[in-house]
Engineer: 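This is the structure I have questions about; it appears just below.
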There are 2 protein chains.
Amino acid sequence: MDDVKPYFHFGLSIDCVIFGFDQGELKILLIKRNEAPFYNTWALPGNLVHPQEELESAAVRILREIAGLEYIFLEQIRTFGEVNRHPLGRVITTAYCALINITKFHLIPGSLADRAEWVAVSDVKQLAFDHNNIFSACLSHLRHSIRTKPIGFELLPDKFTLSQLQDLYEAILQQSLDKRNFRKKILSMNILIDNKEQQKHVAHRPARLYEFDVTKYNKFLKEGFTFDL
Amino acid sequence: MDDVKPYFHFGLSIDCVIFGFDQGELKILLIKRNEAPFYNTWALPGNLVHPQEELESAAVRILREIAGLEYIFLEQIRTFGEVNRHPLGRVITTAYCALINITKFHLIPGSLADRAEWVAVSDVKQLAFDHNNIFSACLSHLRHSIRTKPIGFELLPDKFTLSQLQDLYEAILQQSLDKRNFRKKILSMNILIDNKEQQKHVAHRPARLYEFDVTKYNKFLKEGFTFDL
DNA sequence: ATACTTGGTGTAAATATACCAATAAGTACA
DNA sequence: TGTACTTATTGGTATATTTACACCAAGTAT
């Protein structure tokens, strides 16, 4: 196998686009680099994959280091392999998209998180490497899949109001939706649990709180149900 | 950078799922391997990426070697990196999906193509490596995107009848569609050119031939048109 | 009690889908 | 030459789904 040796000099990294929804805005988590190359530049959280590590495990590791979260929504988006994308050699990177419920999220002090910051997707400036490309691929992917997969719930607290859900959709899709039609459609899917709870201490009529019913959703899936908003 | 050396021993390959539409059946191109590992086993066409080669160029190279085609529809699907997926070391592979118009396709003798064969997607048996996983990811992806992107036309001759188009959709989606509604919908999109040509020498009423109007489609796209079938 | 804020609801019109069937235009063959 | 055969093309209707649209409800703040 000596003839294939030159083919075994690729580096492999994982970069994560971590989305969160906060104050009605869609945000991503960026990290200010503290080493060369791109020292002091904002970048996506990422790292080299260990020789004996699964790709997804590497992504999970990155998320754990920053956010201490173990079980979060994670999806591979695509691989970026441009020959000169990394100044130190041929490093290809596989992008993962994560969706975080920020109410469960806490930066872990003393870790990568010390240099982390949530940035609204509309405020993302120049990033290190080809991270702007990676970011926009993930954002497009999110905009696309939010319509056909019930991933939006990952970004919300366990209990949420229909208005919050709609705000989330409007923030992601960058368009406003009709309130009545939105509610009609979501409710007709029968994938929300209504615990008869309400908001409290709000200066207006309190809204009902709902939960996403994963079990029911999975049962529906088997019957050929499609989520489509 | 000595400390990162162990991270630069990944191999990278490309595997292609090449779809063609023939005799009303959706098929993929498989190759019988003539070397270890998996000697004599059917596999997806693929190869190691050269150290200075772009990922997509590697995919294009593979397609050129087999089919002599330069400009074909090609899309990255996802990367498979399981630690033990390749017996010879840590080789991760990026899967590409290609759509081929088989009327323009000719196997190139003396090349990989000598060991190539079109196989109906329903007849795909055990493949080498994790190629069954790769194949099914690409097939799912095709089934999904055929509904929202006009990629179906890539699989047909330049001039085709509406029945052929419908047969293609039925073959990919594995369901039958209403003939009149299908035609109504496609024609109302205004993305087909009708050159007033007809089939010839068929033992029945000849069908009209249409062409896909790429220019018009792109113009529509800018206005926010969405292809949705 | 009044202003303020957000929550919650129904109906009519337009569009899309499911379903039905007769005629048209060729070739094959007797 | 004509008759059988095959697939193409077309219109209409009943039903389901999607869209557009405006007002009252239920709390807090003052």
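Scope of the values below: all heavy atoms of this structure, side chains included, with no hydrogens, waters or symmetry mates. Letters A, B, ... mirror the listed sequences (proteins, then strands); counts begin at 1. Bear in mind the structure is a predicted one, so any value in this text is a computation, not a measurement.
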Engineer: Find the distance between CD1 (B:Ile172) and CG (B:Leu139) and round it off to the nearest 0.5 Å.
Structural biologist: 9.0 Å
Engineer: Ring centroid separation for B:Tyr210 and B:Phe160, is it under 6.0 angstrom?
Structural biologist: no
Engineer: Atom CD of A:Gln166 and atom C1' of C:dG8: how far apart are they, to the nearest Å?
Structural biologist: 12 Å
Engineer: What's the CD1-P distance between B:Ile186 and D:dT10, to the nearest Å?
Structural biologist: 15 Å
Engineer: Which residue lies toward the 5' end of DNA chain D, A:Lys185 or B:Lys179, if each is placed at its nearest nucleotide?
Structural biologist: B:Lys179
Engineer: Is there a donor and acceptor pair, one atom on the side chain of B:Arg180 and one on the base of D:dA8, closer than 3.5 Å?
Structural biologist: no
Engineer: Quick one: B:Phe182 CZ to C:dA18 C1', roughly how many Å, whole number?
Structural biologist: 16 Å
Engineer: Return yes if a side-chain donor-acceptor contact under 3.5 Å exists between A:Asn101 and A:Glu154, otherwise no.
Structural biologist: no
Engineer: Starting from C1' on D:dT19, measure out to CG on A:Leu229 and report it in whole angstrom.
Structural biologist: 14 Å
Engineer: If you restrict it to nitrogen or oxygen atoms, what contacts under 3.5 Å exist between nucleotides 11-15 of chain C and the protein, and what is each distance?
Structural biologist:
unit_1, atom_1, unit_2, atom_2, d
C:dT11, O4, A:Lys184, NZ, 3.0

Engineer: Please report the distance, rounded to the nearest Å, between CG in B:Leu187 and P in D:dG11.
Structural biologist: 11 Å
Engineer: Parallel, tilted or perpendicular: which describes the rings of A:Tyr217 and A:Phe212, with under 30° parallel and over 60° perpendicular?
Structural biologist: tilted
Engineer: For A:Met189 and D:dT17, give me the distance from atom CE to atom P, rounded to whole Å.
Structural biologist: 13 Å
Engineer: Over all heavy atoms of both residues, which pair between A:Phe227 and A:Pro150 is shortest? Give the atoms and the distance, please.
Structural biologist: CD2-N, 3.7 Å
Engineer: Can you tell me the distance, in whole Å, between the CG atom of A:Asp228 and the P atom of D:dA16?
Structural biologist: 20 Å
Engineer: Measure the CG-OG1 distance between A:Asp15 and A:Thr94 for me, rounded to the nearest 0.5 Å.
Structural biologist: 9.0 Å
Engineer: A:Leu127 and A:Ala43: which non-hydrogen atoms are nearest, and at how many Å?
Structural biologist: CD2-N, 4.4 Å
Engineer: With a non-hydrogen cut-off below 4.0 angstrom, is A:Ser163 in contact with a base, only sugar-phosphate, or nothing?
Structural biologist: sugar-phosphate
Engineer: Using a 6.0 Å cut-off, check whether atom NE2 of B:His204 has over 12 heavy atoms from anything other than its own residue.
Structural biologist: yes
Engineer: Measure CG/B:Leu165 against P/D:dT9 and give the value in whole Å, please.
Structural biologist: 12 Å
Engineer: Under 4.0 Å, heavy atom to any atom of DNA chain D: which of residues 192-208 of chain B qualify?
Structural biologist: B:Ala203, B:His204, B:Arg205, B:Pro206, B:Ala207, B:Arg208
Engineer: Which sits closer to the 5' end of DNA chain D, B:Asp178 or B:Thr161, going by the nucleotide each is nearest to?
Structural biologist: B:Thr161
Engineer: Is the B:Trp118 ring parallel, tilted or perpendicular to the B:Phe105 ring (thresholds 30°, 60°)?
Structural biologist: perpendicular
